[in-house]
Amino acid sequence: MSEWIDACAPDDVDEEDLIRWDHGGHAYAIYNTEKGFFATDLMCTHEEQSLEEGLVIGCVIECPLHGGRFDICTGKALSAPVNTDLKTYPVKVEGGRIFVQV
Ligand code: FES
């Protein structure tokens, strides 16, 4: 069953950036984009590469290893070599905290 988990404060994530968030033995990425906050799996779907040092460009995350890109809002794989979408998670901001539904 999914539940909302208090992950961090909005100020913890710089604009146009992401942070790593670990919960329940799983690593997530929390993004601050021009469209708001979003969450995805941390690991690229191409190889076991963390997206933590990746580049956030608008609502796109670029993997630091081979430059594959994903839509942060939908997780959709946008450019080679990635062809498997990134899993996304619902996010809400409430009472000055960011909650992720996992
Ligand atoms: Fe991310 Fe290759 S590991 S594009």
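For reference, positions follow the sequence shown, starting with 1. For ligands, and for the atoms within them, numbers begin at 1 and follow the listed sequence. Every value quoted in this text rests on a predicted model; they were computed, and no experiment measured them.
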Legend entry - Any pair counted as ring-ring contact (aromatic ring centres under 6.0 Å, His included), so long as it reaches residues 41-69, sequence neighbours left out: H46-H66

Inset, instruction - Using a cut-off of 6.0 Å, state whether more than 12 heavy atoms not belonging to K92 lie near its atom NZ. - result: yes

Inset, instruction - Any side chain to side chain donor-acceptor pair (under 3.5 Å) involving residues 11-20? Give me the pairs, sequence neighbours left out, ordered by first then second residue. - result: R20-D22

Inset, instruction - Sort by chain and number the protein N/O/S atoms that are closer than 2.8 Å to atom 2 (Fe) of ligand 1, and list them. - result: H46 ND1, H66 ND1

Legend entry - Heavy-atom pair with the smallest gap, counting every atom of T33 and G58: CB-O, 3.7 Å

Legend entry - Which residues share a side-chain contact (heavy atoms from CB on, under 4.5 Å) with S50, sequence neighbours left out: L42, M43, E52

Inset, instruction - Classify the angle between the aromatic ring planes of Y28 and Y89 as parallel (below 30°), tilted (30 to 60°) or perpendicular (above 60°). - result: perpendicular

